[in-house]
Amino acid sequence: MRRSVPLLIVSITGFFMLIQYFIPLEESEWLYERILDWIIVIGCFAMLLGLWSLTYVSVNKVKRKVPGWGYNLVALSGLFFMLIVGFVPGQESLVRGSAFMHLFEYVYIPIQASMFSLLAFYIASAAYRAFRARTVLATILLVSAVVIMLRLVPLGPLSGINQWLANFILTVPNMAAKRAFWIGVGLGATATALKIMLGIERTYMGRD
Amino acid sequence: MHPSPDIGIWIGGLLTLGIFSFLYGDNPYYKFCEALFVGVSAGHWFITLFWTVFIPKLLGNIGIAIHTFRTEGFAAGMSDYMHWSYIFGGILGFLMILRLFPKIGWISRWSLAFVVGTTAGYYFINYLVSNGLMQIQKTILPLTSVGNIILVVGTFCGLIYFFFSKEHKGAFGGLARVGIWFLMITFGASFGYTVMSRMSLLIGRMDYIFGIWLGMIR
Amino acid sequence: MVLDRGFSYLLLLAFFFLILFSTNSFAQDPSDTLAPESVTNVDAFDTPNDNGHSITVSWELSSDDGAGKNNVVVYEVYRSDSPEGKFEKRGMVPAGENTFEDQGAKEKDNANYLPSHKNFYYRVRAKSDGLFSDSEISLPAYAYGQWYHTGKTPVLVAVILFSVFAITFITLARKGKLFYIRPLAGIEAVDDAIGRATEMGKPILYIFGLGTADMIATIASFTILSRVAKKTAEYQTPILIPCYDSVVMAVAQETVRAAYLEAGRPDMYKEENIFFLTSMQFAYVAGVNGIMLREKPATNFYLGKFYAESLILAETGSIAGSIQISGTDEIAQIPFFVAATDYTLIGEELYAASAYLGREPVLLGTLKGQDWGKAVVIFSLILGALAASFGFQFFINLFRIQL
Amino acid sequence: MGFFERLLKIDRRIIFTLIGIAIALPLFFNVSMFVETTPVVKGVYEVVESLPEGSKVLVSFDYDPGSMPELQPMAESFFRHCFSRNLKVIIMGLWPQGPLQANWALDVILNEPDIKAKNLRYGVNYVNLGYTAGNEVVILRMGSNIHAAFPADYYGTPLDDLPIMKGIRNFNNIDFVYNLSAGYPGTMEWVQFAADRFHAVLGAGNTAVQAPLMYPYANTGQLVGILGGMKGAAEYEVLADRPARGVRYMFSQGIAHAVVIFFVILGNVAYFATG
């Protein structure tokens, strides 16, 4: 029951999804759409698990007064404040101008944009460390990156050549390697999916 | 200098500085912003999902089902019965929560199996078609221009690189080596054009701090 | 499709000239006040490869279309549920075309609903400028859904071919055949990385990225986690897994618990080390950043689906001085992992990793199967490119899928 | 430790500081760096320029605040161009946040003196149809009937009550479609469905990350042109002779790139000098 039923479910649902691709029948379409919807519903229930985990871990840290527990308290207050202003007014909370949306606009968006923009700093420091002509491979990486970056710096008479080179890199070798990459990923993912459906790959299922 | 009178802008500005302080090193200011961000975002995500997905998808459909049963009884058509099927999704979801109870937690594997199995079947086809057949179709080009020749050769060598069961030596190793060169060109190029995007993000933030918030620009 | 568009321009042009031509001759030739000859052989049949709510109608062009009086402008298609009943207009096509697909809706409450398994009769009207003539009524036809989509045969062939490869090599492996696999630097580093964490007495951080539990990259990562967790259990090194998705968290807990059980150390398993943070991209990154600087893990694994956050994570980990092993199938993020982490599993290598780590013959067998798949792809590419160079289009059509 | 060795192990914070300065400082100067215009951007500009007064333009906002710095200037300069040429603008979004982004851009442009003087009216000169879930399916539905895809606008007014929507049924009644995109659903879907299927005249503005994937469509003509990242935004402003945020930001962008390249060179010099 604990192990064989789930494996059976995996195989049945997996092969159904595989076969239904070839069956244009209305019934097959209907079941396909429903199954995708059910998965969304399962995801909705699962979010309770996430919420529980976050609350449980944070409350525990606050209770045990582990170093830095004050920050866990901040996270918990943020979470529950959002839940209150989100639930109490009902669906209205998603309309612009509500307390919930104000928090989104003035707290969430600025922090999110700032976190995202940290990338500008990190991309520079990563380039500094990684782009050194140590080996042939590193040199290729370096040259290709610099050619593309130079597109944005006015180079005068050289800019025409650089534009041509950048365009060539993007449309030819770049496309070639991407195709090879995607085909490889396709085969790897297909093999993994097949292993799951056949029950060969089942570590994700637990053991007892 | 004309700082913004809007308190919301001030909060946004102060939080921005808190995040930037991380660049110097971990500190209480950043820790506060981080904790607030995690809490607020989890709450935001939960509420949004609840109102925009959970309510319409599950309760909405079951609501329709109950309503038609009340008004039409068993005379309702097949398409009306279909809404009842969402109860099945609801049950699978409910089983998922049973994880919280150690004694019967193993039942939640049934829902997990449903999710994993379905998507395995779905992706089996999806990857085979869009990553396999479609890419092959696009790469079958007449070898009539230098560009096309390089494209086909590059794809060929790239695939050689991904062979696992053959040692990379001799001529085979040479082709694999060319393959990884092509991959490196691609990685370099995408690094290069991502720089522009990332710099733009920081420009946007700096404009917020010095322009919108502190009013130092124009 | 470019060809399609070109074709429709041509049609439009033809259409335009037809109008011009017919109005011109109308003034000159009184015989053109006559309606065009009606179309013949109207044939209605179920549209193939669909869910059964569409009927296709074909006919032979009117003798006045492109010849004779040359005054046909459009064909209008009419439908009725009985030969005597009222015929309803369903659509029209320009002169020169001889098929029409009467696509109905599948929902009963839709005004355009076309039921399956119900007989319909069709009539085609050849129309000139103001005058028309109707065809005979077609024999009845009904729409029905098909059990197999013939346009998808290339996919079926690929599925069968690939499954045969995989299953053959799995069977061979089960019978005890050993397959060679080339070394992968990223994989060989895994053991050392765990050993290093043990020596330093520091935890290991394992990140799935932003993938949900139903993505193949995440599932591949679960199997890697299972091998890694088994080793950490043996070495008694804690493993921290902050999660972005609740289902991923649940599966990761199962995986690690099972691995500890297998290693004989179920007592070491701590559920609170595998926890949920938040499902918003940059908030998740902020949280993981904090963990990296505060817990100072000796080793960071980034395996799964990653987006823009890849570089923030990898650079922060590098600042914290951790050994980092990464892998993803998102090509846009690999450059950043290559630049900022110590080892990177590129694309397909991520999927191969579980076979490498487990060294189970069955998993190695599927790797061999994958390689055979690649060999077939390479073969088709070369053959296809040669065929295309010499002008044989048929080879490309072998890969064309009708959706 | 010699100078070059120290340079190799340079503290990241020094790089961070220099990048911060390189980006912030140019914002204080009103210098517009010389921006070279490219044919792909001209493609979009010229189509808008060639539309007669009163033509209907559809703009789809398929991004969220994460891509604002790149795409918002594009939205603003496009609106400015359309309104100054008296075109009618229909706004929609395939991303939930999209229509909000559009409103922010409208707030800016409608308050500029020359546009304000035109006294543009909501529902007559421009309209925001809001967001509809369904990704590329929305485009398909619009191909047969826009009213079916969007029964009401962003504020809940039925489409039939809006004068601007009179006579608009599908892409045949739209003169130009412009799409601002940061990913999926976005330009790729507009090309596949609106341009290929319904033969809409389509232009696009993309983030710098996404643009290289879309250039091939501009070569084949499926896109009349494309604006890539901040540079694209700046080029459009130069073409329209109204330098604004894009051009101003471009100065920072150029300097920041130069700093990154400078560091890469420095790193290599130090690496070879230390052997």
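Just so you know, these numbers come straight off a predicted model, no measurement behind them. A, B, ... follow the sequence lines: proteins, then strands. Residue 1 opens every chain.
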Pick whichever of B:F187, B:Y123, B:W45, B:F163 has the most heavy-atom pairs under 4.5 Å with chain C. B:F163

Taking all heavy atoms of C:F306 and all of C:L313, pick out the closest pair and write down the distance. CE2-CD1, 4.0 Å

Output, in order, the C-alpha distance, side-chain angles, deciding distance and verdict of side chain to side chain contact (heavy atoms under 4.5 Å, CB included) for C:T168 and C:W372. CA-CA 11 Å; C:T168 309; C:W372 272 85; over 6 Å; no

Can you list the steps and then say if C:K177 with C:F179 is a side chain to side chain contact (heavy atoms under 4.5 Å, CB included)? CA-CA 7 Å; C:K177 183 155 171 48; C:F179 296 109; 4.0 Å; yes

Under a 4.5 Å heavy-atom cut-off, does chain B meet the side chain of C:F390, its backbone, both or neither? neither

Toward chain B, the part of C:F379 with a non-hydrogen atom under 4.5 Å: neither

Could you look at B:L112 and say if it's the side chain, the backbone, both or neither that has a heavy atom under 4.5 Å from chain C? side chain

Taking 4.0 angstrom as the limit, do C:D371 and C:K374 come out as a salt bridge? yes

Given a strict heavy-atom distance threshold of 4.5 Å, which part of C:S163 is in contact with chain B: side chain, backbone, both, or neither? side chain

Pick whichever of B:R198, B:K166, B:H44 has the most heavy-atom pairs under 4.5 Å with chain C. B:K166

Does any backbone or side-chain atom of C:Y284 lie under 4.5 Å from a heavy atom of chain B? Answer side chain, backbone, both or neither. neither

Any luck finding a side-chain donor-acceptor pair between C:E271 and C:Y269 under 3.5 Å? yes

Heavy-atom pair count under 4.5 Å with chain B, highest-scoring of C:L367, C:V377, C:N289: C:N289

Please state whether the side chain, the backbone, both or neither of B:Y122 comes within less than 4.5 Å of a heavy atom of chain C. neither

Per-residue contact mode, B:S197 against chain C (heavy atom under 4.5 angstrom): neither

Would you tell me whether B:S165 and C:R182 have side-chain atoms, one donor and one acceptor, within less than 3.5 Å of each other? no

Of the listed residues (C:A388, C:A283, C:A158, C:S380), which shares the most heavy-atom pairs with chain B below a 4.5 Å separation? C:A283

Just give me the residue among B:I140, B:V40, B:I149, B:V152 that pairs up with chain C most often, heavy atom to heavy atom, under 4.5 Å. B:I140

B:I125 versus chain C, heavy atoms under 4.5 Å apart: side chain, backbone, both or neither? side chain

When the ring planes of B:F191 and C:F336 are compared, do they come out parallel, tilted or perpendicular, using 30° and 60° as the limits? tilted

If we count only N and O atoms by modelled type, under 3.5 Å, do the side chains of C:T344 and C:S326 hold a donor and an acceptor together? yes

Scored by heavy-atom pairs under 4.5 Å with chain B, the best of C:M280, C:M215, C:Q253 is C:M280

Between the CG atom in B:L36 and the OG atom in B:S41, the distance rounded to the nearest 0.5 Å is 9.5 Å

Okay, C:I382 and chain B: the region with an atom under 4.5 Å from a heavy atom over there is side chain

Could you go step by step and tell me if C:T212 and C:D245 meet the side chain to side chain donor-acceptor pair (under 3.5 Å) rule? CA-CA 6 Å; C:T212 48; C:D245 179 86; 5.4 Å; no

Salt-bridge test for C:R294 and B:E34: reply yes if a basic N is under 4.0 Å from a carboxylate O, no otherwise. yes

Give, as side chain, backbone, both or neither, the part of B:F46 having an atom under 4.5 angstrom from any heavy atom of chain C. neither

Closest heavy-atom pair, C:K305 versus C:D329, reported as atoms and distance to 0.1 Å, is NZ-OD1, 3.1 Å

Derivation of the side chain to side chain contact (heavy atoms under 4.5 Å, CB included) call for C:H53 and C:Y113: CA-CA 8 Å; C:H53 293 284; C:Y113 177 60; 4.2 Å; yes

Under 4.5 Å to a heavy atom of chain B? For C:E349 that would be both

Check each atom of C:I181 against the heavy atoms of chain B and say whether the ones under 4.5 Å are side chain, backbone, both or neither. both

Would you mind checking which part of C:Y180 comes under 4.5 Å of any heavy atom in chain B, side chain (CB onward), backbone (N, CA, C, O), both or neither? both

Apply the test side chain to side chain donor-acceptor pair (under 3.5 Å) to residues C:E309 and C:Q333: give CA-CA distance (whole Å), side-chain angles for both, the deciding distance (0.1 Å), then the verdict. CA-CA 9 Å; C:E309 73 286 354; C:Q333 303 309 325; over 6 Å; no

Side chain from CB out, backbone as N, CA, C, O: work out which of these in C:A355 comes under 4.5 Å of a heavy atom of chain B, or both, or neither. neither

The interface call for C:A339 against chain B, heavy-atom contacts under 4.5 Å, is side chain

From the list C:V338, C:I346, C:I331, the residue making the most non-hydrogen contacts under 4.5 Å with chain B is C:I346

Most chain C-contacting option - heavy-atom pairs closer than 4.5 Å, from B:L141, B:L183, B:V115, B:T186: B:L141

Picking from C:D214, C:V285, C:L364, which has the most non-hydrogen pairs under 4.5 angstrom with chain B? C:D214

